Amino acid sequence: MLKKTLTKNVYDCKARDLLNVVADVKSYSDFIPFCSNVDIYERLVTREQEHFSACLSINFKFTIENFETKVAVDRKLNTISISGNTKPFKSLNADWSFIEKDNFCKVIFSLEVSFTSFIKERLVSLSFEKIALNVIEAFENRAKE
């Protein structure tokens, strides 16, 4: 199992704005480079919480992976939790925290993932930081638009 945490300070962005961009999973295919399609279903929204399931299509070089996740957005705590256990994952747990500071937002992304393929797990392990920073940068750019 791969366990990683990445923290990044994002300047000129509010925690709420970043949370809203990350929570807008339906739009990922518009600005996340390797995401080609997203379907949202089983959606329940209240004032401070949002729960839904998402099916994402991810393009990795010469292959497309489809997987499902359960997403929980807590707007009061500025957190997003993601879980899944469909291929290519044995298990997937990811957590986003957005902490408002004076002139920046501290973003903490934690991932615990196990793949059905040892090769995929090894590839993600080797390139996790680069992939995660690229995704956070895409969210950051989207939030600043």
Side-chain angles (χ1 to χ4, degrees), residues 1-10 13-101 104-144:
M1 177 173 284
L2 171 66
K3 293 182 182 184
K4 298 277 187 172
T5 298
L6 179 73
T7 301
K8 182 177 184 205
N9 294 335
V10 177
C13 267
K14 298 289 184 189
R16 179 72 53 176
D17 294 337
L18 281 168
L19 176 126
N20 286 336
V21 169
V22 176
D24 185 15
V25 176
K26 181 66 179 156
S27 295
Y28 281 14
S29 59
D30 295 337
F31 67 97
I32 300 290
F34 47 83
C35 184
S36 60
N37 189 51
V38 178
D39 291 315
I40 303 294
Y41 55 99
E42 296 178 359
R43 189 167 184 193
L44 173 65
V45 179
T46 65
R47 182 170 168 81
E48 293 180 352
Q49 303 243 336
E50 184 176 353
H51 298 270
F52 58 90
S53 296
C55 181
L56 289 89
S57 297
I58 304 295
N59 296 331
F60 288 118
K61 303 283 181 187
F62 302 107
T63 183
I64 296 176
E65 295 283 355
N66 296 303
F67 63 92
E68 294 182 23
T69 61
K70 302 277 186 200
V71 180
V73 179
D74 189 320
R75 295 187 191 292
K76 185 176 182 180
L77 297 176
N78 283 341
T79 61
I80 299 173
S81 296
I82 303 159
S83 63
N85 61 0
T86 62
K87 285 187 177 183
F89 306 108
K90 286 183 192 173
S91 66
L92 166 69
N93 291 297
D95 293 297
W96 291 89
S97 295
F98 306 89
I99 302 164
E100 190 76 36
K101 299 289 186 179
F104 65 92
C105 173
K106 182 177 183 179
V107 178
I108 303 168
F109 176 64
S110 299
L111 177 71
E112 288 186 21
V113 64
S114 180
F115 287 85
T116 55
S117 162
F118 172 78
I119 294 170
K120 287 178 185 171
E121 191 160 324
R122 188 72 181 135
L123 287 172
V124 170
S125 177
L126 292 172
S127 56
F128 168 78
E129 190 165 321
K130 182 180 178 185
I131 293 169
L133 285 171
N134 284 340
V135 169
I136 291 172
E137 185 176 296
F139 290 136
E140 178 182 349
N141 291 338
R142 182 79 168 194
K144 288 178 179 179

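Given the structure is predicted, the values throughout are model-derived calculations rather than measurements. As a basis for the values below, the full set of heavy atoms in this structure was taken, side chains included, without hydrogen atoms, waters or symmetry mates.
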Report task. Hey, could you give me each pair passing salt bridge (Lys or Arg N to Asp or Glu O under 4.0 Å) that has a residue in residues 107-118? Not counting sequence neighbours. Result -> none

Requested in this report: State which residues pass ring-ring contact (aromatic ring centres under 6.0 Å, His included) with Phe128; sequence neighbours excluded, sorted by chain then number.
Outcome: none

Query - Flag, side chain of Lys14 to backbone of Cys105, donor-acceptor distance under 3.5 Å - result: no

Query - Residue from Leu92, Asp95, Asn93 passing side chain to side chain contact (heavy atoms under 4.5 Å, CB included) with Leu111 - result: Leu92

**Report entry** Flag if over 12 foreign heavy atoms under 6.0 Å of NZ, Lys90
**Finding:** no

Requested in this report: Using the six-membered ring wherever Trp is involved, compare the ring planes of Trp96 and Phe109 and label them parallel, tilted or perpendicular (cut-offs 30° and 60°).
Outcome: tilted

Report task. Tell me, yes or no, whether the heavy-atom count around Leu126 atom CG, taken from other residues, nucleotides or ligands under 6.0 Å, exceeds 12. Result -> yes

**Report entry** Ring centre gap for Tyr28 and Phe139 strictly below 6.0 Å
**Finding:** yes

Requested in this report: Verify whether one side chain among Asn66 and Ser57 offers a donor that lies under 3.5 Å from an acceptor in the other.
Outcome: yes

Report summary line: Contacts of Lys87 meeting salt bridge (charged side-chain N to carboxylate O under 4.0 Å, His left out) (sequence neighbours excluded), chain-then-number -> none

Query - Leu133 side chain near Glu137 side chain, heavy-atom distance below 4.5 Å - result: no

Query - Value rounded to 0.5 Å, distance of CZ in Phe67 from SG in Cys55 - result: 8.5 Å

Query raised in the report: Would the number of heavy atoms belonging to other residues, nucleotides or ligands and lying under 6.0 Å from NZ of Lys144 be above 12?
Result: yes

Requested in this report: Please indicate whether Tyr41 has more than 12 foreign heavy atoms, meaning atoms of other residues, nucleotides or ligands, lying under 6.0 Å from its OH.
Outcome: yes

